[in-house]
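All chains are named by letter (A, B, ...) in the order of the sequence lines, taking the proteins before the strands, and each is independently numbered beginning at 1. Worth saying up front: this structure is predicted, and the values here are computed from it rather than measured.
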Amino acid sequence: MTFADLGLMPELLRAVEDAGYSEPTPIQRDAIPIVLSGRDVMGGAQTGTGKTASFTLPVLQRLAPHASTSTSPARHPVRALILAPTRELAMQVYESVLTYSRYLPLRATCIYGGVDMRAQTQILREGVEIVVATPGRLLDHVQQRSIQLNQVKMLVLDEADRMLDMGFIPDIRRILSMLPNQRQSLLFSATFSNEIKKLADQMLNEPQLIEVARRNMVSETIEHQVYPVESSRKRDLLVHLLKTTIDAQVLVFVDTKFGCSRLTHYLNRCDIPADAIHGDKSQQQRTEALEGFKNGTTRVLVATDVAARGLDIDDLPYVVNYVLPNTSEDYVHRIGRTGRAGKKGKAISLVAPEDRSNLAGIEKLIKLTIPVHTVEDFQASGVRDHSDGASTGRRGRNEDNAGRRSRGSADSAAPRSRSGDESASPRGRSERTRTPARKKSTVAADGFDYAKPYEASDAPKAPSTKPDTPSRANRPVAFLLGGVGRKG
DNA sequence: AAAAAAC
C-alpha cells in the first residue's frame with residue numbers, strides 16, 4: 001500500500017516523498033480516502049500514529065481546486081479551519097500543513113495567543129485558505145474583524161477530548177455558530193467519553209468512525225517502570241537516574257508550573273542542563289524550549305501538562321513522571337510522547353506512597369501492572385498494596401490491587417528487591433515511616449555500583465547534603481546523592 | 001487539584 005493508492009494527487013505525493021514517507025500508517029490508510037470522499041469523520045487514534053497527516057493531506061487535496069496564485073485577498077478566503085488545544089500543538093499541525101502544501105499555491109497560517117496580534121492580522125488580511133488556531137485568539141481576531149469564517153468548508157477539531165478538559169466548549173460553540181452548515185467536519189480524540197460523543201453528535205453529520213487503536217490503549221513499544229520513592233527524595237533519585245539509567249533524551253513531567261521551574265533549577269545546580277516549559281513562560285521561551293528539545297540540543301525538558309498531549313518529538317526514548325498525573329488518561333497522553341511510530345520508549349514514574357491509589361487507577365486503565373524498580377536507598381514502601389520491593393517482577397494481573405490495604409498478611413507474599421535486600425519495608429506503617437535501615441550493598445537494583453567513584457562534575461549540590469567533604473572526585477556516589485543511611 | 005487558553 002502506497003500513498004498513491006489512497007488517491008492523493010501528485011503534488012501531495014511529491015511532498016510526502018520529500019518528507020521521507022513511503023508507506024501510510026493505519027490511520028492514514030483509513031482516514032485519507034474517507035476525508036477525500038467528503039464525509040465527516042470521528043477519528044480515534046493514539047498519538048504517534050500519523051494522525052496529523054491523516055487529515056492535513058486530504059484537507060489540502062480538497063482545497064487544491066481552489067488554489068490560486070492571485071495576490072488578491074478575495075481569492076484566498078479561509079476554507080479550512082483547524083483547531084488545537086495548545087499553541088505548540090497548533091504550531092505542529094501548521095508545520096505539517098506547510099510541509100505537504102509546498103507544491104500547491106495554497107496559503108496557510110497559524111493563529112495563537114501570547115504573541116503580538118498585528119503580524120497575524122496582516123497575514124489574515126492578505127488572505128489564507130487554511131487557518132490553524134487555538135480557540136481564544138481566533139475569536140479575538142473574529143471580534144476584530146480580521147478574519148471571516150463564513151467560507152469555511154472544512155473544520156478539524158484536533159485533540160477534542162483535551163479541548164473539553166480545558167473548558168473550550170463555549171468557545172468551540174461560538175466558532176461553530178459562525179461556520180456554514182454546509183461543511184465537512186473532522187473530529188479527532190484520543191478517548192471517546194460521553195461528552196465527546198455529545199459534541200460529535202452536534203458537530204458531525206453521519207460521521208464515519210475510524211478507530212485505529214483500541215480506546216485508552218497505550219503503545220506496546222513502551223516499557224513502563226515504577227520507582228517507589230518518598231516525595232522528599234524524588235529530586236535526588238531523578239538526578240541519580242539521569243546520571244545512570246536514563247542515558248538519553250528525556251521529558252520530565254511535573255504537576256505545577258512552580259514545581260517545573262524549581263526542578264529545572266535544581267537539575268541545573270546538579271550540572272544537568274535542563275530547560276523548562278509551562279504556561280507561565282513567555283511564548284518565546286516556550287517556543288525556544290520546545291525547539292531546543294526537538295532538535296536535540298536540550299537533553300532534559302521539564303514540563304507541565306502543557307506538553308502532555310500530541311507533541312511529536314522524534315525518537316524520544318524516555319518520559320519521566322516526576323509526579324503522577326491527576327487523571328489516568330493524562331498518564332496515557334504523557335507517556336504517548338515516547339514509543340511513537342513503532343519506536344521503543346521507557347515511561348518511568350516516581351511514585352510516592354500517597355500516590356498509591358493514583359497508580360492503581362492508571363494500572364487499571366492501561367490494564368497492566370507496572371513492574372516496580374528500586375534503587376538502593378531511594379525506595380519507599382506502601383506504593384503498591386502487596387508488591388513493594390519487587391524489582392522487575394512481572395505480575396500477570398492486577399486483580400487485587402484494591403481493597404487489601406488492611407491485610408498485614410500481604411507481607412509474606414512480598415517479593416524481595418533484586419539487590420538482595422531482605423529487609424524490604426513492611427506495609428501497614430504510617431506514611432511518615434522512614435525508609436528502614438538496610439544492608440549496604442554497593443550495587444543497586446539497576447546494576448549501578450554506588451561505590452564506584454565518578455567525575456567531580458557529577459556531584460549534585462543539594463542543599464540538604466553535607467558539602468564539607470574534601471575531595472569531591474573521590475567521593476562515593478551514594479554519599480554524594482545524600483544516600484547511605486542518612487535518613488535511617 | 002493543576003494545567004491550558006484572549007487581552
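- A:D255 comes within contact range of the sugar-phosphate backbone alone, with a heavy-atom separation under 4.0 Å but no base atom that close.
- With distances taken from any side-chain atom of A:T86 to the nucleotides B:dA6, B:dA5, B:dA3, the minimum falls on B:dA5.
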Only pairs under 3.5 Å count here: list side-chain donor-acceptor contacts from residues 55-62 of chain A, not counting sequence neighbours, and write none if there are none.
residue	atom	partner	partner atom	Å
A:T56	OG1	A:T52	O	3.2
A:T56	OG1	A:S96	OG	3.0
A:Q61	OE1	A:M9	N	2.8
A:Q61	NE2	A:G7	O	2.9
A:R62	NE	A:Q184	OE1	3.1
A:R62	NH2	A:Q184	OE1	3.3

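- At least one side-chain nitrogen or oxygen of A:T304 sits closer than 4.0 Å to the OP1 or OP2 atom of B:dA4.
- Rounded to whole angstrom, the span from the CG atom of A:D305 across to the P atom of B:dA1 amounts to 16 Å.
- Among the nucleotides B:dA2, B:dA6, B:dA5, the one closest to the side chain of A:T256 is B:dA2.
- In this structure, A:R87 reaches the B:dA5 phosphate: one of its side-chain N or O atoms is under 4.0 Å from OP1 or OP2.
- One can place CG of A:D116 at 14 Å from C1' of B:dA6, the figure rounded to the nearest angstrom.
- Counting only residues at least two apart or on different chains, the salt bridge (Lys or Arg N to Asp or Glu O under 4.0 Å) pairs with a member in residues 281-290 of chain A are A:E88-A:R286.
- Nucleic acid contact class of A:G167 (heavy atoms, under 4.0 Å, all strands): none.
- The existence of a salt bridge linking A:D158 and A:K51 is confirmed by a sub-4.0 Å separation between a basic side-chain nitrogen and an acidic carboxylate oxygen.
- The CZ atom of A:R309 sits 13 Å away from the C1' atom of B:dA2 (whole-angstrom rounding).
- Between the P atom of B:dA4 and the CG atom of A:D330 lies a distance of 12 Å, rounded to the nearest Å.
- Atom CD1 of A:I172 and atom P of B:dA5 are 14 Å apart (whole Å).
- Atoms CG (A:L324) and C1' (B:dA1) sit 14 Å apart, rounded to a whole Å.
- B:dA6 atom C1' lies 9 Å from atom CD of A:Q143, rounded to whole Å.
- Salt bridge annotation for A:K234-A:D255: absent, with no cationic side-chain nitrogen under 4.0 angstrom from a carboxylate oxygen.
- With contacts defined as side-chain heavy-atom distances shorter than 4.5 Å, the pair A:I222/A:V319 does not qualify.
- Taking atom CG on A:L157 and atom C1' on B:dA5, their separation rounds to 14 Å, with Å as the unit.
- Regarding contacts with the backbone of B:dA6, a side-chain N or O of A:T134 is found under 4.0 angstrom from either OP1 or OP2.
- At the phosphate of B:dA5, OP1 or OP2 sits under 4.0 Å from a side-chain N or O atom of A:R286.
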